Amino acid sequence: MNRFYAIPIFILASVAMFFAGCRGKTEAGTDDDGVLKIVNLINGTRGDKSFFDSSAAGMDLIEAKYDSAVLTKTIEMSYDQPNWEPTLLDIADQDWDIIIVGTWQMTEMLEEVARDNPDKRFIIYDTEVDYSLDLGNVYSILYSQNEASFVAGALATALTKSNLPLTNPDKLIGFLGGMDIPVINDFLVGYVEGARYVDPDIKIAVSYIGSFDDTAKGKEMALAQYSQGVDIGFNVAGQAGLGQLDAAKDMHRYAIGVDSDQAEFFVQTDKATADLIATSVLKHVDKSLLRAIDMHMEGKAPYGSSEILGFDEEGVGIAKNEFYMAIVPEEIRELVDEIEEKIRSGEIEVSSAFGMDSEAINELRYSISP
Amino acid sequence: MNAVFEIVLNPLFAFSVLRVSTPILFAALGALISDKAGVINIALEGIMLISALAGVIFSAISGSAFFGLFMALFFGGLVAFGLGYVSLKLKTDVILAGIAINLIASGGTVFVLFLLTGDKGISSSLASKLLPKIDIPILKSIPILGPILSGHNILTYFAFISVFLVWFLLYRTPLGLRIRAVGENEHAVDSVGISVVKTRFIALIISGVMAGFGGAYMTMGYISWFSRDMTAGRGFIALAAESMGGATPLGSMLSSLLFGFFDALSNSLQLLKIPYEFVSMLPYVATVVGLVIYTTQKTKRMHRMRIKAESKKEVL
Amino acid sequence: MTSDAVLSMEDITKVYPNGIVANKGVNFSVRTGEIHGLVGENGAGKTTLMQILFGLNQADVGKIFFNGKEIKIDSPHAAIAQGIGMVHQHFMLVPSLTVSENLVLGLEPRRGFIFDKSRGIHITQELSKKYNLKVEPDMLVRDLPVGLKQKVEILKALYRGAKILILDEPTAVLTPQEMVELFNELRQLRDEGNTIIFISHKLAEVKALCNRVTVMRAGKSQGVFNVEDVTEEDISRIMVGRDVILRVEKDVAQPKESVLKVNRLTVVNSFNKRVVDDISFSLRRGEILGVAGVEGNGQRELVEAITGFGSYGLGSILIDGEDIKQLSIKEIRDLGCSHIPEDRMSYGCAPTLSVRMNLLSYKHNRREFNRRFFLMHMSTIRDVSTELVKEYQILCTSTEQEVRCMSGGNIQKVIVAREFSDNPKLIVANQPTRGIDVGATEFIRKRLVELRDRGAAVLLVSADLNEVMELSDSFLVMYGGKINAFIEDVSNFNEEKLGQYMLGLKSQDVDEIGRALHD
Amino acid sequence: MTKAQWRFEFYRTGVVIITAVLLSLLIIVLVSDMPGLAIKLFLTGPLDSLRHFGNLVEMVVPLLFTGLATTVMFTASQFNLGAEGAFFFGAIGAAFIAVNWNLPPVLHPAVAIVWGGIIGSVFCGIPGALKVKWGSSELVSSLMFNYIAFFLGLYLINYLLRDVTAGAMVSFPFANSSKLVKIIPKTRIHTGLFIAVFTVLVMGVFTYRTRWGYRIRVLGTNIEFARYSGINTTWTIVMSQVLGGFLAGMGGSIELLGMYRRFEWQTLPGYGWTGIIVAILAHNNPFYVPLAALFLAYMKIGSDIMSRSTDMPNEFVAIIQGMIIILISASSFLSKQRHKMIVREAIS
């Protein structure tokens, strides 16, 4: 062996020996009983002002409500995919009672980890695990985002047809997706159906950014849409979708936010943008997580099954904040309420993109393309 | 096909070509200056990223967009100085040093962002400022030209003015003479008592400041916040644009515009029935093709000249 | 230190990063108004010493005094400030800039921020007139002939107020006529009170021009002499440390059948210039054919065409009757052609690889060096290279030493060992002894004659007239891409006439040149 | 290099590594609220459990391939930075075979890996071919090709391999026969490790003991000398990059078949970039690639483990890696010491 090898090996060995003696307990290793230890693994980063921020906010809600009865922690795993599985495995080894993950990408990892850790509880949101694998310790939360998008589609169409100052006569609205994947297309399907509900001849410009974090690209695509006559657009692209809100400000057009109430995020730092966000399609990841913990506390959490949360369970919704009130005229607000009611009652049934193949989605996209 | 023409002929499309080209043009001019001095600056990507973050942070702290711009330029120059230091003083290979700086920029900006805001993704919690847009009084009201040329960010105008400034610098000033001389034969410069290292340092710093403009534009004009790795290869594309433009200011401008054209097209073409992945690939393919066409033409031209010369003599 | 010295260097020691000791305790001084020769073999440390004086290199040990005061020269800038100027062996000019731009570079006349071009031209004209060195301010430097480039270099130094002018082997690239002109100009400068340091290894020039001479050998000064008091032979002895017989003993050639036939060859370069213009000659087994001429008259392109390095448009080159136009370098080599390139560092070796790997080169494909399973036969490679090192007296610590750590002469021997050991049919030797020590030169020349006697055909291209005249059996003179003369018998030929051929003042008629074909 | 030079390079590399580690510790101490824990996890995390050690080895495997890929291209002095794209696109090629074909266990991954390698070699080879054909800089075009590989790859996944039942843009699951077998329980270390170690040896022998390796080395030190030596430089330039692409493509395939159930990368995984650092740290010597890969993987895994349990973000590792590149390749870093050493030897 060459001496080149000696130094690094020597360093590793000596450091390892030095620390071998003083290995402590892991951080979560505080063993006082009665405290429910909850960890939330985000496979992205905070600051997207939508999905993951909402998820992280769920931990705050739980902490606010249960205070010292719970110990919560949110771990950002970033968009560094190879790091996700090791993190999940590490966390599963630690002393956590409930482990929360989200998005479809975590599903298959979770299925294995949950099977290997039957004594732990797992919550997964925005997707579900395969329960044929006998996963009695996993609770899956799905959201009927298609229903909320339906309302957004209806609202957008109503707005573009109205005589509001920032709209144009074209009957054209926009949809800006992160990626061409089922969860995003589920928004699209609802959006399209809602739009057609108000006007069957409506045209929708659909673009995908191809990323959930490239805000610059998001903005460019939104600008392209706006410059082709779109006067209200809907972004479903996590952090990348923020680009659309910026584009709306540049072009002075309307936007619809997603997942979190995106107007709220901008009230402080950038009111001009907030003023243009007609509403946001809310995916209440935060509330759904609180709800899950509530049920867990009461011992009623439906582990071993999945739930689809809609308007009734406050799983999804439409942000009706001050900006909504300011932008949307009263008759359209009434229309929105009416449609919401019809969805709740089941009078309107919204299709879902889950299970649709690429062909069907393409057909739908082509049918409404300008 | 008609739909494509419709998109391209829309004045708003031309407007967006100018907008998209701006950061690439800045970086390409940066690449040009360092190239003329005989240094390949592949750290442009990282410099833009660092400047972009600096612009956001300092405009948020000071509340002044122009102070943000100033700091973005300062950091652009500073990082370029660092590149100069390691490549000219420590004699690191300049390409490797560039790779290193890009790496440091990519991780370091997220790191700093996290320390400041707690977010790793985006700086939207900082109330950063935007550089103003400018409406050009008379031009504004001219149809077609007005919507294309008026209402851009101040830096977009400056980018195109810079093309002239960089040309002037290189071909009309003593410094430009020295920069060109140092790139062509450093010994010549050395032997007349001008410091090669110092001249390259100056060229690199100017190059960094140009990239700094590009970075500042990214966060204070193009969009209004910083997000991780937001330059998305623009620094590299600028290098390609500069070499495609035959290492001249005007050529760099034209090839930056070409790239901007394809980039803008890729954003609009999605609305047609073309898979988005194909469309997203377009600008990069165009760059490679452009580069190849440029170099092919160059070799062909030389080849033609040669054949001509040989045959001419033969006839005589 | 002598009291009348305007400038003196004391105890200078310089070690290069690759471990070569270029100067060891050198003392050197010059007086006002003299032309001071600095002679020594290549690699004796002359250039390094002058680079230290001009600030391009820093000494590890030693001091420099100017008018009796110690000065620090850490950059050319500092040197120029002291009134020291240098004309380098390789011109330090920027090809794409004009003469005047090159001249004023670094001291540009300005109008505000702007570079004042017309003042630059004016300055150039003034200087040109004042020192009687004629140049065209508007010409691009890349279009100038070497003689003019040298004048630009001298003007550059004078414009910067040089009182002490260092000229590093200024005559290497000049024709005899240009040389005479230069000497007159230098004398005039001296008479105006300037001091000139004249580096050379050509003793006749030193004898003709200089007042005093410092002789260097192996990095050390061997003393200062008044030129009048010593003969060329004396200097040569001091320089080399022994009496050298540069004359190579050789018998009259016994040429046999022709190996290389060049027929109406024309090469056009990328600047659209016919650099080799319709030349024909042939080269036979057992003879050495020299190619003389001022550098840049197509010799390089001729060699490139023959060795497969460059393409050519018209005409043909036959080696052993085979047309090589479509052949690769490898295929040409396989025909038995070996090649000593003019620039050994750029073409002849891989500086960071070992002696062993450099000796392998084009032979790496040979069966003897390769085993089964695609592996190379490392022990054979080692043995063969050890033998070659011994046979060619290559000085190296081991065959694993990197070539770049060796002296020029030894590197050249590595190349020669590789090229000569192969029993070549045709040897194209381009400047085979340029810039190497006498010992190595002698060794290589002897080898060339030996190979000739064993039946090889040798094409010797050299800018060193002595070398061509000594070694060749017959030779060509190239001027402007054409063969200007063919001298069949070297023994009775006068140098005066040769100079005229080289400068294109005269040329032989077509029939005389046609004899080169041996048809 | 002579012994003295090797010795110097060896000390210098040691100094750089120690500097890098110390710098990391300094950053941690400055930034973290719990520096003790952070440092402990950073330095010992990768060794404190079998699984963490597994993570370390898992990371080393792809780095060996991209490191070797970059090594062979850099040895030929081809600044092709396309290992990243070739890695990604090779993986797509392997995914295609893994999903669509039906082959017996050992053969299936073997075919997929070779195919992935071929695909990768195309992607690194094109910039090489463009360079020799038209003289366009391989540096610039390989950078562009990384993006092209990425988008073209996503397109192929989306339109040819896309699992519509999945909730993200991923391929169908791979056939079980195509996966590389896990060899150590409780870790994800797979048989790809053997292939990687074997490849290191092959590349080492290739570089220093075969005529092709010789040609590449000659080309890399002096292209004119290579030409002069009758080496077909055009061919060798292209081949070195094709080979680099092949190694990177193989690496992508092995990573995918060993570690994943389906193709699910949405971004370029970054191993190609780290591979460049590996190559630099290993001084372009294949035999040193494992050490360099191990060191870089150690830093990355250590920082990942640290960031899981502390407030330290792991991005600072990129800063450290950048510093390492600069210091290692800074030829005049410590050059004064070197020069002193040489002067001493020369004068004595």
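Nothing here was measured: the structure is a model prediction, and the numbers come from that model. So that the names make sense, note that chain A is the first sequence line, chain B the second, and so on, each numbered from 1.
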Indicate whether any N or O donor in one side chain lies under 3.5 Å from an N or O acceptor in the other, for Lys131(D) and Gln78(D).
yes
Tell me, side chain or backbone of Ile381(C) under 4.5 Å from chain D's heavy atoms, or both, or neither?
neither
Among Asp334(C), Asn365(C), Ile332(C), Thr307(C), which residue has the highest count of heavy-atom pairs closer than 4.5 Å to chain D?
Asn365(C)
Side chain / backbone / both / neither for Glu304(C) at chain D, heavy atoms under 4.5 Å:
neither
Please tell me whether Glu331(C) and Ser328(C) have a donor and an acceptor in their side chains that are separated by less than 3.5 angstrom.
yes
Output the distance between atom CD (Glu400(C)) and atom CE (Met357(C)), rounded to the nearest 0.5 Å.
8.5 Å
Is Arg371(C) close to chain D through its backbone or its side chain, or both, or neither, when contacts mean heavy atoms under 4.5 Å?
neither
For Tyr362(C), is the NZ or CZ atom of Lys330(C) found under 6.0 angstrom from the centre of its six-membered ring and inside 45 degrees of the ring axis?
no
Heavy atoms under 4.5 Å from chain C: which residues of residues 219-228 of chain D carry them?
Thr221(D), Asn222(D), Glu224(D), Phe225(D), Arg227(D), Tyr228(D)
So, does Glu10(C) use its side chain to make a donor-acceptor pair with the main chain of Lys63(C) at under 3.5 Å?
no
Could you tell me the separation between the SG atom of Cys124(D) and the CE atom of Met73(D), rounded to the nearest 0.5 Å?
4.0 Å
So among Leu63(D), Ile17(D), Ile277(D), Val278(D), which one has a side chain to side chain contact (heavy atoms under 4.5 Å, CB included) with Phe295(D)?
Ile17(D)
Under a 4.5 Å cutoff for heavy-atom pairs, which residue among Gly308(C), Ser354(C), Cys349(C) has the most contacts with chain D?
Cys349(C)
Quick check on Leu327(C) against chain D: is it the side chain, the backbone, both or neither that has a heavy atom closer than 4.5 Å?
neither
May I have the list of side-chain donor-acceptor pairs in residues 202-209 of chain D shorter than 3.5 Å, sequence neighbours left out?
{"from": "Thr207(D)", "atom 1": "OG1", "to": "Met203(D)", "atom 2": "O", "distance (Å)": "2.7"}

With a 3.5 Å distance limit and no angle check, can you tell me whether Lys413(C) reaches the backbone of Leu395(C) through a side-chain donor-acceptor pair?
no
